[in-house]
> 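Sending over a structure as structure tokens; questions will come in a sec.
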Amino acid sequence: MSQSRPDRPKTAALIVAAGRGVRAGGDVPKQYRPVLGRCALARSLALFAGHPEVDVVQPVIGEADGPLYAQLADAAPSVLAPVIGGATRQASVRAGLAALAGHKPEVVLIHDAARPFASDALVSRAIAAGRLGPAVPGVPVTDTIKAVDGAEKIESTVDRTRLRAVQTPQAFPFALIQDLHARAAAAGRDDFTDDAALAEWAGLPATVFAGEPGNIKLTTPEDFTSSEARLLAGLADVRTGSGFDVHAFGDGDHVILGGHVIPHSRGLAGHSDADVVLHALTDAVLGAIGSGDIGFHFPPSDPKWKGASSDQFLAHAISLVKAQGGLVAHLDATVICEAPKIGPHREAMRASIARITGLPVERVSVKATTTEQLGFAGRREGIAALASATVRLPWGVHD
């Protein structure tokens with residue numbers, strides 16, 4: 001958790017993620033739906049947890065969403081355990097504020113999880129504005145706006161110079177917004193669509209500071225499509241890497257391939273668990289980003305890696321890609337052996353690799369071939385694996 005310095009107020013972020021997002025479609029609430037491999041909620045949590053002026057982050061989730069939230073594996077120490085939201089956004093924010101009260105923040109940023117593309121600079125502006133009073137980000141309205149009657153007939157043209165499209169994070173002195181929510185609840189008002197509306201209702205209109213056009217709210221299927229296209233445009237440096245590994249047979253009653261245990265009359269000999277598939281994939285990913293090989297990162301001379309599970313090797317390589325702002329687009333592995341037969345285990349291997357890497361299973365390929373009884377593999381002396389990885393990085397990234 002970041003440490004609050006004596007020269008600045010303690011700042012909390014409240015991430016509202018309890019809605020269902022039915023207009024976005026899909027099988028899960030929109031905040032858990034992946035956008036280029038990472039869901040909106042994970043992106044929003046990472047933004048605030050990684051900001052140097054945010055001390056604590058409080059997620060508010062739906063009552064049925066605990067299992068989905070548990071799958072977010074990269075929560076930072078500053079992210080508190082989630083609390084359950086209410087039937088309305090206002091009720092969810094009130095629950096989050098109650099959970100934060102014990103942390104005694106002086107400023108709170110209230111942000112919709114479905115706005116995952118806010119920038120560090122926007123968060124900084126929100127914090128600075130919130131120290132002075134209620135403040136919300138907004139962008140000028142560029143379209144001509146018409147007021148219409150019940151028959152959709154134009155009545156007038158609205159002066160757009162006075163209009164702002166309001167976004168989140170909205171910033172408030174913590175004690176003030178907590179009091180406003182308590183007063184609204186006591187008055188039976190649970191219909192405010194954002195927190196600035198509570199301040200306006202109480203006669204304390206919020207100040208608008210500069211928002212960002214890219215800080216869109218994911219609402220419809222088209223929003224997801226356009227967001228992925230925009231993100232991909234920023235990952236135009238497409239690289240490929242290759243990997244190869246071989247291990248001899250030794251004593252044992254199973255082999256591990258792609259993180260999946262396959263019963264066999266012999267095992268594979270190696271310093272770690274001798275998973276040739278994961279070793280080859282690890283080298284392929286490392287090669288794509290020019291980051292050496294598996295032996296460089298996990299030396300076989302180090303006893304720490306003796307018998308180690310190879311899933312951590314591949315997960316490490318994936319983390320290096322993410323650290324450069326990139327993503328792995330596809331993994332392909334070919335197993336070379338006479339036995340065991342790979343076909344019956346192919347889908348389990350794909351699922352295992354997808355779990356380790358966080359990739360959709362359709363972006364993982366596993367194939368098998370023999371050497372027609374030629375060479376060491378043909379003589380059943382061991383197993384080899386070839387692998388390739390396709391990686392997308394921002395231009396200008398170097399290891």
> Only counting residues at least two apart or in another chain, list the ones meeting ring-ring contact (aromatic ring centres under 6.0 Å, His included) with F192.
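ring-ring contact (aromatic ring centres under 6.0 Å, His included) list for F192, sorted by chain: W201.
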> Suppose clustering is done on Ile, Leu, Val, Met, Phe, Trp and Tyr with side-chain heavy atoms closer than 4.5 Å. Which residues sit in the same group as I336?
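Its cluster partners, ordered by chain and number, are F244, V246, F376, L386.
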> For a quick check under 3.5 Å, do H181 and D179 share a side-chain donor-acceptor pair by atom type?
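Absent: no donor and acceptor within the cut-off.
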> Which residues satisfy the side chain to side chain contact (heavy atoms under 4.5 Å, CB included) test with P116, sequence neighbours excluded?
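Scan of P116 (side chain to side chain contact (heavy atoms under 4.5 Å, CB included), adjacent residues dropped) gives A40, R43, S44, L218.
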> Under 4.5 Å between any side-chain heavy atoms of V328 and T390, yes or no?
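Heavy-atom side-chain distance check fails, nothing below 4.5 Å.
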> Table please: side-chain donor-acceptor pairs of residues 294-305 below 3.5 Å, with sequence neighbours left out.
| residue | atom | partner | partner atom | Å |
| --- | --- | --- | --- | --- |
| H297 | ND1 | H316 | NE2 | 3.3 |
| H297 | NE2 | S291 | O | 2.7 |
| H297 | NE2 | S291 | OG | 3.3 |
| D302 | OD1 | K304 | N | 2.9 |

> Please tell me if the side chains of C39 and L72 come closer than 4.5 Å, counting only heavy atoms from C-beta onward.
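They are in contact (side-chain heavy atoms under 4.5 Å apart), so the answer is yes.
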> Identify which one of R125, K10, R131 satisfies the salt bridge (charged side-chain N to carboxylate O under 4.0 Å, His left out) criterion when paired with E53.
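Of all the options given, the one that passes is R131.
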> To the closest 0.5 Å, what do you measure between CD1 (I177) and CG (L100)?
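Between atom CD1 of I177 and atom CG of L100 there are 12.5 Å.
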> Return the set of residues passing ring-ring contact (aromatic ring centres under 6.0 Å, His included) with H111 (not counting sequence neighbours), or none when no residue passes.
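Partners of H111 by the ring-ring contact (aromatic ring centres under 6.0 Å, His included) criterion, ordered by chain and then number, come out as F48.
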> Measure the shortest side-chain to side-chain distance between D194 and Q170 over non-hydrogen atoms and say whether it is less than 4.5 angstrom.
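Sidechains of Q170 and D194: in contact.
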> Out of curiosity, L109 CG to Q58 CD, how far, rounded to the nearest 0.5 Å?
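Nearest 0.5 Å value for the CG-CD distance: 13.5 Å.
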> Could you work out, with side chain to side chain contact (heavy atoms under 4.5 Å, CB included) as the rule, every residue matching S119, not counting sequence neighbours?
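Result, side chain to side chain contact (heavy atoms under 4.5 Å, CB included) vs S119: A121, L122, E212.
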> When you compare the side chain of H330 with that of S365, does any pair of heavy atoms fall below 4.5 Å?
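Result yes, sub-4.5 Å side-chain heavy-atom pair found.
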> Could you pull out all residues at least two apart from H271 that satisfy ring-ring contact (aromatic ring centres under 6.0 Å, His included)?
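H271 satisfies ring-ring contact (aromatic ring centres under 6.0 Å, His included) with no residue once adjacent residues are dropped.
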> Could you tell me which residues satisfy salt bridge (Lys or Arg N to Asp or Glu O under 4.0 Å) with R350, sequence neighbours excluded, listed by chain and number?
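Counting only residues at least two positions away or on another chain, R350 forms a salt bridge (Lys or Arg N to Asp or Glu O under 4.0 Å) with E347.
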> Going by heavy atoms in the side chains, are D65 and L68 under 4.5 Å from each other?
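Side-chain contact under 4.5 Å: yes.
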> Side chains of V57 and L80, heavy atoms from C-beta outward: is any pair under 4.5 Å?
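Side chain of V57 against side chain of L80, heavy atoms only: no contact under 4.5 Å found.
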> Is the number of heavy atoms from other residues, nucleotides or ligands within 6.0 Å of CD (E228) greater than 12?
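Yes, because the 6.0 Å sphere around CD of E228 holds more than 12 heavy atoms from other groups.
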> Taking only residues two or more places apart in sequence, or in another chain, which ones meet A101 in a side chain to side chain contact (heavy atoms under 4.5 Å, CB included)?
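Result, side chain to side chain contact (heavy atoms under 4.5 Å, CB included) vs A101: F174, Q178.
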> How many angstroms lie between CD1 in I262 and CD1 in I342, if you round to the nearest 0.5 Å?
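Here the interatomic distance stands at 4.5 Å.
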> Enumerate, atom names and distances included, each donor-acceptor pair closer than 3.5 Å involving a side-chain atom of residues 249-258, sequence neighbours excluded.
none

> Would you say K341 has more than 12 foreign heavy atoms packed within less than 6.0 Å of its NZ?
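For K341, atom NZ is not crowded (no more than 12 foreign heavy atoms under 6.0 Å).
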> Would you please name every residue forming a side chain to side chain contact (heavy atoms under 4.5 Å, CB included) with S388, sequence neighbours left out?
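Applying side chain to side chain contact (heavy atoms under 4.5 Å, CB included) to S388 gives D332.
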> Distance only, no hydrogens: is a donor on one side chain within 3.5 Å (strictly under) of an acceptor on the other, for S124 and H51?
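Yes.
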> Hey, does L331 have a side-chain heavy atom less than 4.5 Å from the side chain of V285?
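Result yes, sub-4.5 Å side-chain heavy-atom pair found.
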> List, by chain and number, the other hydrophobic cluster members for V136, where Ile, Leu, Val, Met, Phe, Trp and Tyr join if side-chain heavy atoms come within less than 4.5 Å, directly or indirectly.
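Its cluster partners, ordered by chain and number, are V166, V208.
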> Could you check D190 against R89 for salt bridge (Lys or Arg N to Asp or Glu O under 4.0 Å), going step by step and ending with a plain yes or no?
CA-CA 9 Å; D190 205 26; R89 183 187 186 280; over 6 Å; no
> Does any non-hydrogen side-chain atom of H247 lie less than 4.5 Å from one of H279?
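In contact.
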> Is it true that Q90 and T88 share a donor-acceptor pair across their side chains at a distance under 3.5 Å?
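Note: T88 and Q90 side chains miss the donor-acceptor criterion.
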